[in-house]
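Structure first, then comments.
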Amino acid sequence: MATPLIATTLIDAQNAPLAKRVRDDYDTLGEQLARRDIDIEAVRRQVAAFAVAVPSWGVGTGGTRFARFPGAGEPRDVFDKIEDCSVIQQLARCTPTVSPHFPWDKCSDYGELREHAAMRGLAFDAVNSNTFSDQKGQPLSYKFGSLTHSDAAVRAQAVAHNLEVIEIGRQLGSRAITVWIGDGANFPGQQHFRRSFERYLDSTRRIYAALPADWHMFLEHKMFEPAFYATVIQDWGSSLLAAQALGDQARCLVDLGHHAPNVNIEMIVARLVHARKLAGFHFNDSKYGDDDLDSGSINPFQLFLVFNELVDAAESFTPDVAPAYMLDQSHNVTDPIESLMTSAASVQRCYAQALIVDRQALSAYQDGNDALMAAQSLKQAFQTDVTPILQRVRLEAGGAIEPVAAYRASGYRARVAEARPASGPSSGIV
């Protein structure tokens, strides 16, 4: 194992003056929860086992359709990205995997990349393909689509790329591929709706056929953008139809920013759980559209309600509900490492709050049509400050009680800014 990028002595020094307060707060919260017949130790164990993947592209500076403002010490390649992701895991202790994106994360030796990640205490989550933008040297353009393009040669190129990504993922130890396409239309009449969907199914069947037996194929939908009139896989219904047509290894991925405004995402989660087709989540937050803001920064209650459905499903519907969790954000004005750490904690917090919902009482209120008390039972859990649980979990795992404070005290950003002079294009999303 390599020397940690943040000195453990610094983390210990940061934790030392806070540790007693954390234990006292934990004991106080434990007494409060005990009065509600909730065992805080049982909750702590479940929270300690919770994990969310970090996107490799998330540690780069993002941008908008108008501009991108580079950040200091941005990763130059996938190996630098692994370094930054390892810092997040070292301090937050709930992000043990990285989700890479290709061709952005291509390298000459994937065995070396896997070893480098393992040396930093990380493994690889789902691999992601890219047919929503043209790459240098690419023979055919995706301007008018990829897996659904009217030209069979373009579709074949897009399929071949996905097959390559599966092979890369196999070398990295991944067990899933996420397929998101920007295919669609900007004008009425531009695209034949039924034929484009049929071409999508034909293309994805060829990708699905190449899946290793222990893999899953995650189909990601999006309401709009880059196609603004119509998108081929625009909603969970289209995604579900495709997943059902492909087979058991195909599942539906839910990105919290990929829906029409005010859509009830938690209900979508419940429907996909019922269909046994829920792949997992890309966590972020939004005010207007696919803003890719930090998780929980705008609507933490919605995030809590999503986890309420997941915890309920795990406890009452089927014990094999095991969705994949990943952060998917674009950091334009913050340090990406800081944003990813706080987002990971926000997701973990909502999971902990969902674990303390009084499900017996909630069920009784629902069956008795007591709308007010049913809502209040959820609010009681959401308004409970579970910070001591999260801090205790980080402390006992060797992480930082206050990750951002420890990160800033470490001077990591200044160090990598010296080692990574600004050059070349962004490693984030523009």
Side-chain angles (χ1 to χ4, degrees), residues 57 65 99-106 126-170 174 176-212 215-235 237-247 249-253 255 258 279 282 290 328 425-426 429-430:
W57 61 94
R65 291 188 295 122
S99 187
H101 205 294
F102 300 98
W104 296 342
D105 292 330
K106 274 194 169 184
V127 289
N128 302 262
S129 60
N130 179 344
T131 61
F132 52 84
S133 63
D134 291 346
Q135 308 302 321
K136 185 177 180 179
Q138 179 179 308
L140 302 171
S141 176
Y142 296 134
K143 180 177 181 178
F144 294 107
S146 59
L147 295 177
T148 74
H149 200 287
S150 57
D151 186 339
V154 178
R155 299 198 302 273
Q157 176 181 272
V159 169
H161 167 65
N162 278 275
L163 299 186
E164 178 188 17
V165 171
I166 290 174
E167 173 54 27
I168 293 171
R170 189 189 60 78
S174 178
I177 179 172
T178 298
V179 178
W180 176 74
I181 58 171
D183 296 24
N186 283 298
F187 292 91
Q190 176 185 339
Q191 187 179 64
H192 191 285
F193 293 150
R194 283 187 288 109
R195 286 202 296 269
S196 63
F197 185 68
E198 289 161 3
R199 289 194 291 264
Y200 175 83
L201 291 178
D202 179 69
S203 296
T204 51
R205 283 190 181 102
R206 291 150 66 190
I207 301 169
Y208 184 88
L211 289 176
W215 274 51
H216 283 104
M217 184 174 178
F218 296 167
L219 307 181
E220 185 174 1
H221 64 272
K222 186 174 182 180
M223 181 70 180
F224 68 95
E225 196 185 38
F228 285 92
Y229 169 66
T231 301
V232 177
I233 304 297
Q234 65 134 16
D235 56 20
S238 300
S239 179
L240 179 59
L241 283 174
Q244 289 174 329
L246 291 174
Q249 290 173 259
R251 304 285 173 87
C252 303
L253 188 74
D255 184 306
H258 285 194
H282 281 181
D290 188 26
D328 184 9
S426 165
I429 299 174
V430 177

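Position 1 is the first residue of the sequence, and the numbers go up from there. The basis for the numbers below is simple: all heavy atoms, side chains too, and nothing from hydrogens, waters or symmetry mates.
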message: Using a strict threshold of under 4.0 Å (side-chain N to carboxylate O), is an ion pair present between E167 and R170?
response: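 A salt bridge links R170 with E167.
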
query: Checking salt bridge (Lys or Arg N to Asp or Glu O under 4.0 Å) against K222, which of D290, D235, D328 comes through?
result: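 With K222 as partner, salt bridge (Lys or Arg N to Asp or Glu O under 4.0 Å) holds for just one option, D290.
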
Could you give the distance from [atom1] ([X]) to [atom2] ([Y]), rounded to the nearest 0.5 Å?
X: I207; Y: L246; atom1: CD1; atom2: CG; value: 9.0 Å
X: L201; Y: S196; atom1: CG; atom2: OG; value: 10.0 Å
X: S133; Y: W104; atom1: OG; atom2: CH2; value: 6.5 Å
X: Q244; Y: C252; atom1: CD; atom2: SG; value: 7.5 Å
X: I181; Y: L219; atom1: CD1; atom2: CG; value: 9.5 Å
X: S150; Y: F144; atom1: OG; atom2: CZ; value: 9.0 Å

Do [X] and [Y] make a side-chain contact, defined as non-hydrogen atoms from C-beta onward lying under 4.5 Å apart?
X: H161; Y: V165; value: yes
X: W180; Y: N128; value: no
X: D105; Y: I168; value: no
X: T148; Y: I233; value: no
X: D183; Y: R199; value: no
X: V127; Y: I166; value: no
X: T131; Y: N162; value: yes
X: L253; Y: S239; value: no

- request: Not counting sequence neighbours, which residues clear side-chain hydrogen bond (donor to acceptor under 3.5 Å, both in side chains) with T204? List them please.
  value: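 For T204, no residue satisfies side-chain hydrogen bond (donor to acceptor under 3.5 Å, both in side chains) once neighbours in sequence are set aside.
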
side-chain contact (heavy atoms from CB on, under 4.5 Å) evaluation trace for Q234 with M223: CA-CA 4 Å; Q234 65 134 16; M223 181 70 180; 3.8 Å; yes

Looking only at non-hydrogen atoms, find the nearest pair between [X] and [Y] and report the distance.
X: A230; Y: F193; value: CB-CE2, 3.7 Å
X: A126; Y: S99; value: O-OG, 2.5 Å
X: S141; Y: D134; value: OG-OD2, 2.6 Å
X: R251; Y: H216; value: NH2-NE2, 3.4 Å

Donor-acceptor contact present, side-chain [X] to main-chain [Y], <3.5 Å:
X: N130; Y: F102; value: no
X: Q138; Y: Q135; value: yes
X: Y208; Y: Q249; value: yes

task: State, without any angle test, whether Q157 and Y142 hold a side-chain donor-acceptor pair at a distance under 3.5 Å.
output: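 The answer is yes; a qualifying pair exists.
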
- request: For the residue pair F228 and F224, categorise the inter-ring angle as parallel (less than 30°), tilted (30 to 60°) or perpendicular (more than 60°).
  value: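 Correct class here is tilted.
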
query: Is the distance between the ring centroids of F132 and H101 under 6.0 Å?
result: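 When the ring centroids of F132 and H101 are compared, they turn out to be within the sub-6.0 Å range.
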
